Amino acid sequence: DSDSIGAYFNHIYNSPSTQCKVIGITGTNGKTTVTQLVYQALNKLGKPAAVLGTLNSELTTPDTATIYQHLQASVAAQNPYFVMEVSSHGIDQNRIAGIQFEITALTNITHDHIDYHGSFEAYKATKETFITMGKTTICPADYATTSPPQNTHFWGKFNQENLKLAKTILLKCDCNEAEVDTTLSALKPPPGRFEHITEIKSPQVFIDFAHCPDALTRILIESREIADKKKGLLRIVFGCGGNRDRQKRPLMTQIAKEWADQIIITTDNPRTEPVEQIVSDMLKNLDITNTPTLIIEPDRRLAVGRALKEAGPNDVILLAGKGPETYQYIGDQKIPYNDKKTALKWATEYQL
């Protein structure tokens, strides 16, 4: 059980979470961004911290032994803080057993991982069990009225929420508000989180990790605003993961239809599931009669190329789902692939 697992690892690694302040951040969207903001800001504010999450771990929340190894190394480096992403899988599988959290924070809870948890209620309950673990807990209601620091590098209203949560966490770490605002204002978002590929001047191309309905909605609303201001079209390239939650596939296509002018459906880690099955699910109950331009191009490289080739100078292209990933899982193979590199290659070819 959780207590005995925790006792075992605390015995082996000398209870590292009692020797530093552990900040755990959970939520459907925004975990990586908030974790990185807090980690970078703490270090800049003279409060050394280590970080564990999507950008430096194969799993968002790795196995218990790996977490304790990271914690122990951080304590050995005399870091007073340790900031980590906590996934619903990590909570459900007791990977965080025995860790004492100084602060537990929640970004949001929306539809995701229903294939694993069985229902949205079970998924929500899992997140909520974690939130009660911290000495200090921070939920959306706690930072709703926080004034976000002005940061021109961060696009989108959802990122204002991420900045507000990061600021609230930092204030709980006894940081000075003016210094927090100055520090957060200068930071840049993590790679692949509504990242603007500035090397391509026109059309404007954004990359985002959005791979669930809520994240896709948020990112499309922001992209739509940018396209409307430029009087251009919004084009989206996205797919849905194989061997994963099938319920969200038609929801995501419906959302794309609502906001985009052109939809290019492609692959996003199909794994061992037939691409035809994934696409069929994505198009389920979709009213094709008044759908924006809909293209199906399973080869993601070609899909990105097509979006760039057809785009006008004022258009906005959103490459969604893979973010900073450097591979595609196709069949049993892990094939090198990256949205940003692919977009830059096509931009060079088309002299954009």
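Only a predicted model underlies this, so the values are computations on that prediction, with no experimental measurement involved. Note that the numbering runs from 1 along the sequence shown for the chain.
Interatomic distance, Phe101 CZ to Ser17 OG, rounded to the nearest 0.5 Å: 8.0 Å. To the nearest 0.5 Å, atoms OH (Tyr39) and CZ (Phe82) are separated by 10.5 Å. Here Cys175 contributes atom SG and Leu45 contributes atom CG; the two are 5.0 Å apart, rounded to the nearest 0.5 Å. Note that CZ of Arg95 and CG of Asp92 are 9.0 Å apart. Values are rounded to the nearest 0.5 Å. Rounded to the nearest 0.5 angstrom, Ile317 CD1 and Leu308 CG are separated by 4.0 Å. To the nearest 0.5 Å, atoms CD (Gln247) and SG (Cys240) are separated by 12.5 Å.
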### Message
Run the ring-ring contact (aromatic ring centres under 6.0 Å, His included) test on His211 and Phe209 for me, step by step, so that the C-alpha distance in whole Å, both residues' side-chain angles and the decisive distance to 0.1 Å come before the verdict.
### Response
CA-CA 6 Å; His211 56 276; Phe209 198 53; 4.8 Å; yes

### Task
Please assess Gln100 against Met133 for the test side-chain contact (heavy atoms from CB on, under 4.5 Å), listing each intermediate value before the final yes or no.
CA-CA 8 Å; Gln100 291 188 27; Met133 291 181 185; over 6 Å; no

### Query
So Gln328 and Thr267, side-chain hydrogen bond (donor to acceptor under 3.5 Å, both in side chains) or not? Walk me through it.
CA-CA 9 Å; Gln328 274 261 57; Thr267 45; 3.2 Å; yes

### Task
Report the C-alpha distance between Glu325 and Asn269 in whole Å, list the side-chain angles of each, state the deciding distance to 0.1 Å, and finish with yes or no for side-chain hydrogen bond (donor to acceptor under 3.5 Å, both in side chains).
CA-CA 10 Å; Glu325 288 179 356; Asn269 296 331; 3.3 Å; yes

### Task
Run the numbers on Val38 and Thr35 for side-chain contact (heavy atoms from CB on, under 4.5 Å), then give the verdict.
CA-CA 5 Å; Val38 172; Thr35 302; over 6 Å; no

### Message
Checking Tyr329 against Thr272 for the side-chain hydrogen bond (donor to acceptor under 3.5 Å, both in side chains) test, could you report, in this order, the C-alpha distance in whole Å, the side-chain angles of both residues, the deciding distance, and whether it holds?
### Response
CA-CA 8 Å; Tyr329 286 113; Thr272 57; over 6 Å; no

### Task
Determine, stepwise, if the pair Ile25 / Val86 fulfils side-chain contact (heavy atoms from CB on, under 4.5 Å).
CA-CA 6 Å; Ile25 296 156; Val86 181; over 6 Å; no

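Surrounding CZ of Phe120 are more than 12 heavy atoms belonging to other residues, nucleotides or ligands, all under 6.0 Å away. For NZ of Lys44, the number of neighbouring non-hydrogen atoms (other residues, nucleotides, ligands) closer than 6.0 Å is 12 at most. Heavy-atom neighbours of Asn56 CG from other residues, nucleotides or ligands within 6.0 Å: above the threshold of 12. Environment of CD in Glu199: crowded, with over 12 heavy atoms of neighbouring residues, nucleotides or ligands closer than 6.0 Å. In Lys21, the NZ atom is not crowded: 12 or fewer heavy atoms of neighbouring residues, nucleotides or ligands sit closer than 6.0 Å.
Between the side chains of Asn159 and Thr33, no donor-acceptor pair of N or O atoms lies under 3.5 Å. At a cut-off of 3.5 Å, with distance as the only test, no side-chain donor of Asp245 or Tyr116 sits close to an acceptor on the other residue. Thr146 and Thr168 share a side-chain donor-acceptor pair at under 3.5 Å. Side-chain polar atoms of Thr326 and Asn338 form no donor-acceptor pair below 3.5 angstrom. Between the side chains of Asn108 and Asp214, no donor-acceptor pair of N or O atoms lies under 3.5 Å. Looking at Asp339 and Thr342, their side chains never bring a donor and an acceptor atom within 3.5 Å of each other. Counting only N and O atoms by type, the side chains of Asp315 and Gln262 include no donor and acceptor under 3.5 Å apart. Side-chain contact of Thr54 with Glu85: a donor-acceptor pair under 3.5 Å is present, judged by distance alone. No hydrogens or angles considered: nothing links the side chains of Asn79 and Lys47 as a donor-acceptor pair under 3.5 Å. Between the side chains of Thr61 and His89, not a single donor N or O lies within less than 3.5 Å of an accepting N or O.
With Arg249 contributing its side chain and Gly241 its backbone, the two residues share a donor-acceptor pair below 3.5 Å. Between the side chain of Thr253 and the backbone N or O of Met282, at least one donor-acceptor pair lies under 3.5 Å. Checking side-chain atoms of Thr217 against main-chain N and O of Pro213 turns up a donor-acceptor pair under 3.5 Å. With Asn14 contributing its side chain and Asn10 its backbone, the two residues share no donor-acceptor pair below 3.5 Å. In this structure a side-chain-to-backbone donor-acceptor pair under 3.5 Å is present from Glu273 to Asn243. A donor-acceptor pair is defined here as one N or O able to donate and one able to accept, closer than 3.5 Å; such a pair exists between the side chain of Lys257 and the backbone of Asp287. Looking at Thr266, its side chain does come within 3.5 Å of a backbone N or O of Pro298 through a donor-acceptor pair. A distance-only check finds a donor-acceptor pair linking the side chain of Ser119 to the backbone of Ala122 [under 3.5 Å]. Between the Asn151 side chain and the His153 main chain, a donor and an acceptor come within less than 3.5 Å of each other. In terms of modelled atom types and a separation under 3.5 Å, the side chain of Lys164 and the main chain of Gln160 share no donor-acceptor contact.
Taking 4.0 Å as the cut-off between side-chain N and carboxylate O, Asp281 and Arg246 count as a salt-bridged pair. In summary, Glu195 and Lys340 engage in a salt bridge, as defined by a charged side-chain N under 4.0 Å from a carboxylate O. For the pair Arg235 and Asp261, the salt-bridge criterion is not met [side-chain N within less than 4.0 Å of a carboxylate O]. The pair Lys229-Glu222 does not count as a salt bridge, with every side-chain nitrogen at least 4.0 angstrom from each carboxylate oxygen. Looking at Lys124 and Glu121, no side-chain N of the basic residue comes within less than 4.0 Å of a carboxylate O on the acidic one, giving no salt bridge. The pair Glu58-Lys334 meets the salt-bridge criterion, with a side-chain N (NZ, NE, NH1 or NH2) lying under 4.0 Å from an Asp/Glu carboxylate O. Using a 4.0 Å cut-off between charged side-chain N and carboxylate O, Lys157 and Glu225 make a salt bridge. Ion pairing of Asp181 with Lys167 is present here, as a side-chain N (NZ or NE/NH1/NH2) and a carboxylate O approach within less than 4.0 Å.
The side-chain heavy atoms of Val83 and Leu42, taken from C-beta on, include a pair separated by under 4.5 Å. Between Trp155 and Ile226 there is a side-chain heavy-atom pair separated by less than 4.5 Å. No side-chain heavy atom of Asn162 sits less than 4.5 Å from a side-chain heavy atom of Arg193.
No chain of hydrophobic side-chain contacts below 4.5 Å, direct or via other Ile, Leu, Val, Met, Phe, Trp or Tyr residues, connects Leu59 to Ile99. Under the 4.5 Å side-chain contact rule for hydrophobic residues, Met252 and Ile219 share a cluster. No single ILVMFWY cluster, assembled from side-chain heavy atoms under 4.5 Å apart, contains both Leu319 and Leu216. Under the 4.5 Å side-chain heavy-atom criterion for grouping Ile, Leu, Val, Met, Phe, Trp and Tyr, Val237 is not connected to Ile265 through any hydrophobic cluster. Cluster membership for Leu184 and Ile23, using ILVMFWY side-chain heavy atoms within less than 4.5 angstrom, is shared.
Note: Phe194 and Phe206 have tilted aromatic rings, judged against thresholds of 30 and 60 degrees for the angle between ring planes.
Within the cation-pi definition used here (under 6.0 Å to the ring centroid, within 45° of the axis), Lys188 does not qualify as a partner of Phe154. Remark: Arg300 fails to qualify as a cation-pi partner of Tyr337 under the 6.0 Å distance and 45° angle criteria applied to the six-membered ring.
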